[in-house]
Amino acid sequence: MKMSFAIRSLAVTTMLSAAAVSAHADLKIPFGWTQSNSVQKFPAKVLELFDLVYLEINAKGNATSLNDVPHVPVVQSELAVPKAQSYSLPVTEIVIGSKLNIAAGSAIGSALEFRRALDDGSYVGVTLANFTLNYVTKKVWCDAKASGAVSKHIAVYDFHVATPLALKYKFPLTVTGHEVLDKLMITADGKQVFTDGLQLEPWAAAALNEDMGTLTQDISTNIRKPALKSTKPYVPAM
């Protein structure tokens, strides 16, 4: 109990003392020990389009599926697999910018694998890993790895702030926050990675123009239980 209180006290003190940071420097705060998560929720329409090309989503590394079923059933086919709408990515770091705002937040060690079955029974795929929300550029950055290709760091989504992050302080020393980002639109670089890695025909690649849903951040300085196994970058296997 004393250790938990001390860690939360240190975290809150660090955040509140950010004003003392040089105006020319960013302050990186490790956050993997907290109960803070970013959840991406895909629209049911997008999952239906994924089903048409036999595309599944798998949570990798620290990421977990929330196993929520779409309100609108996806298209049923022989190769289709059940897929959730929402995936939780533990927040591992936040960055306090020179204007004493939260400039970025990362989910290092988490990944989403997009895997597609081809007619011959083989699979191709794209893995997005080690996500960073950049609030200055309003883009989501990640490591992207397509089947047989070298991993690259790209801006994969543009986003819009629907509900700005609002921090609340609770006795004795707990900080919580809630934020919703919407209009997740795949960037040109992201479309190229998905099109090439998933071997999408032009009609199927049109689905990449769809809104990919929302990112909801729930921040808490309560201790994460169980603790994360690792906060090291996730390295895709394929």
Side-chain angles (χ1 to χ4, degrees), residues 37-89 107 109-131 139-159 181-216 233-238:
N37 299 290
S38 177
V39 173
Q40 181 170 2
K41 184 174 184 178
F42 293 90
K45 178 182 178 180
V46 168
L47 296 186
E48 288 186 76
L49 294 174
F50 285 175
D51 232 34
L52 290 174
V53 294
Y54 313 127
L55 178 66
E56 63 184 74
I57 306 173
N58 297 306
K60 298 291 184 177
N62 292 330
T64 55
S65 168
L66 297 188
N67 296 316
D68 50 341
V69 179
H71 293 297
V72 180
V74 295
V75 178
Q76 296 300 310
S77 65
E78 292 181 1
L79 294 178
V81 295
K83 55 178 72 71
Q85 279 192 273
S86 304
Y87 299 84
S88 181
L89 318 171
S110 291
L112 294 178
E113 176 192 70
F114 299 81
R115 194 174 74 146
R116 180 190 180 196
L118 301 181
D119 292 339
D120 62 3
S122 63
Y123 285 89
V124 291
V126 169
T127 300
L128 305 181
N130 310 315
F131 303 87
K139 293 182 182 294
V140 179
W141 290 79
C142 70
D143 296 327
K145 174 69 180 299
S147 298
V150 176
S151 180
K152 62 176 69 175
H153 192 62
I154 66 169
V156 65
Y157 296 123
D158 291 306
F159 66 80
L181 308 178
D182 63 2
K183 299 179 182 177
L184 288 183
M185 307 303 296
I186 301 179
T187 64
D189 285 345
K191 290 177 182 178
Q192 192 65 56
V193 169
F194 276 109
T195 300
D196 294 345
L198 296 172
Q199 299 181 22
L200 297 176
E201 298 82 358
W203 68 267
L208 302 177
N209 295 320
E210 294 289 334
D211 184 339
M212 291 294 143
T214 59
L215 280 170
T216 300
Y234 179 86
V235 179
M238 64 177 176

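Nothing fancy with the numbering, it's 1 onward along the sequence. A quick note: this is a predicted structure, and the numbers were derived from the prediction, not measured.
A donor-acceptor pair is defined here as one N or O able to donate and one able to accept, closer than 3.5 Å; such a pair exists between the side chain of Asn130 and the backbone of Gly109. The backbone N or O of Tyr123 sits nowhere less than 3.5 Å from a side-chain atom of Arg115 that would complete a donor-acceptor pair.
Using modelled atom types and a 3.5 Å distance limit, the side chains of Thr187 and Asp189 yield no donor-acceptor pair.
Summarising the geometry of Asp182 relative to Thr214, their closest heavy-atom pair is CB-CG2, 4.0 Å, with the distance given to 0.1 Å. For the residue pair Ser147 and Gly197, the shortest heavy atom distance occurs at OG-O, 4.3 Å. Leu89 and Phe131 make their closest contact through CD1-CD1, 3.9 Å (heavy atoms, listed as atom of the first residue, atom of the second, distance). Among all heavy-atom pairs drawn from Lys139 and Ala155, the shortest one is CD-CB, 3.8 Å.
In this pair, Phe42 and Tyr87 present their aromatic rings perpendicular. The plane angle is above 60°, beyond the 30 to 60° band.
Within the model, atoms NZ of Lys41 and OG of Ser88 stand 13.5 Å from one another, a figure rounded to the nearest 0.5 Å. Rounded to the nearest 0.5 Å, atoms CG (Asp211) and CE (Met185) are 5.5 Å apart. Between the CD1 atom in Ile186 and the CE atom in Met212 there is a gap of 4.0 Å [rounded to 0.5 Å]. For the atom pair Ile57 CD1 and Leu112 CG, the distance stands at 7.0 Å (nearest 0.5 Å). Atom-to-atom distance recorded for Leu55:CG and Leu47:CG is 9.5 Å, nearest 0.5 angstrom. With values rounded to the nearest 0.5 angstrom, Lys183 atom NZ is found 14.5 Å from Leu215 atom CG.
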- [ ] Take Asp68 and Ser86, measure what side chain to side chain donor-acceptor pair (under 3.5 Å) needs, and give me the verdict at the end.
- [x] CA-CA 6 Å; Asp68 50 341; Ser86 304; 2.6 Å; yes
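Residues Thr127 and Lys60 have side chains not in contact (no heavy-atom distance under 4.5 Å, counting atoms from C-beta outward). Between Leu208 and Leu200, the closest side-chain pair of non-hydrogen atoms falls below 4.5 Å. For the pair Leu128/Phe194, a side-chain contact is recorded, criterion being any heavy-atom separation below 4.5 Å from C-beta on. Looking only at side-chain heavy atoms (C-beta outward), Lys152 and Val193 come within less than 4.5 Å of each other. Contact of the Asn58 side chain with the Glu56 side chain is registered, since non-hydrogen atoms from C-beta on lie closer than 4.5 Å.
Other residues, nucleotides and ligands contribute over 12 non-hydrogen atoms within 6.0 Å of the NZ atom of Lys191.
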